[in-house]
Amino acid sequence: VQPPALVLIGRHAGTVPEHAGVAVSMKHHGLPPHPNRVTSLLGFGHRDDWQPAVDTGRWQSWLQRPRRTALIIGRNPRGDWRVPELESLLADALEWAARRNSRLLIVTTRHSASAGDWLSKHAGDDADVYSWQREDNQNPYSLALEHAGALLIAGGTPGVFQDALASPR
């Protein structure tokens with residue numbers, strides 16, 4: 001057996017099939033399983049002390065829906081997410097999900113957490129919203145990547161796009 005030609009470490013390692021090597025990621029990234037992905041229980045230079053969430057929201061019912069759409073909101077390249085941008089984003093995502101007869105889950109990342117409160121208040125019963133919380137073991141980010149029939153990305157960092165491309169959908 002020959003060792004892999006390439007071993008990449010961290011969430012930014014890229015998609016495993018793309019480089020045909022081994023990617024090592026941390027457990028809290030929650031990336032979908034892959035035969036060439038090794039998950040480490042230890043962090044690479046930071047603390048991994050998981051804490052239960054205070055309020056995980058009502059997103060869990062999203063997993064029970066037969067058709068699911070997810071919107072992952074990352075960093076806005078122009079700074080903070082402003083209300084007109086959030087209004088447009090919410091309307092477009094709801095329309096996208098409605099055309100597919102699916103339930104929308106909106107997940108904010110650490111770069112867009114401030115948008116979560118606004119989205120939670122304005123989405124009402126039309127979508128489930130998860131606002132990012134530090135080290136929350138109920139974060140649905142990886143579940144959204146794994147179970148969404150349609151995946152929408154707004155803003156973001158290279159890691160968010162790499163995670164989406166590596167997802168099984």
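For the side-chain hydrogen bond (donor to acceptor under 3.5 Å, both in side chains) test, no residue two or more places apart in sequence or in another chain qualifies with T108. When the side-chain contact (heavy atoms from CB on, under 4.5 Å) test is applied to I153, the partners found at least two apart in sequence or on another chain are I72, L151, V160, F161, A164.
Closest approach of N76 and E85 over heavy atoms only: ND2-OE1, 3.0 Å. When every heavy atom of A70 is checked against every heavy atom of W62, the shortest pair comes out as CB-CZ2, 4.2 Å. Of all non-hydrogen atoms in G116 and V129, the two that sit nearest each other are O-CG1, 4.0 Å.
W81 CH2 to L86 CG: the interatomic distance, rounded to the nearest 0.5 Å, is 7.0 Å. Going from atom OG1 of T69 over to atom CZ of R100 covers 6.5 Å, rounded to the nearest 0.5 Å. The line from OG of S131 to CG of D117 is 5.5 Å long, rounded to the nearest 0.5 Å. Distance check: I106 CD1 to L94 CG gives 6.0 Å after rounding to the nearest 0.5 Å.
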Review point. So Q64 and R103, side-chain contact (heavy atoms from CB on, under 4.5 Å) or not? Walk me through it.
Key: CA-CA 10 Å; Q64 309 310 315; R103 179 68 179 177; over 6 Å; no
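The local environment of CZ in R82 is sparse, with at most 12 non-hydrogen atoms from other residues, nucleotides or ligands closer than 6.0 Å.
The backbone N or O of P84 lies less than 3.5 Å from no partner atom in the side chain of S88, so there is not a single donor-acceptor pair. Panel note: side chain T109, backbone I73; a donor-acceptor pair is recorded below 3.5 Å. Using a distance-only test at 3.5 Å, with no hydrogens or angles considered, no donor-acceptor pair links the side chain of S112 to the main chain of R75.
Contact annotation: the side chain of D126 never approaches that of L104 to less than 4.5 Å [non-hydrogen atoms, C-beta and beyond]. Put simply, the side chain of H122 reaches to within 4.5 Å of the side chain of L90, judged on heavy atoms. Residues R68 and L105 fail the side-chain proximity criterion, which asks for heavy atoms closer than 4.5 Å.
For residues 89-98, the side-chain hydrogen bond (donor to acceptor under 3.5 Å, both in side chains) pairs, not counting sequence neighbours, are E95-R99.
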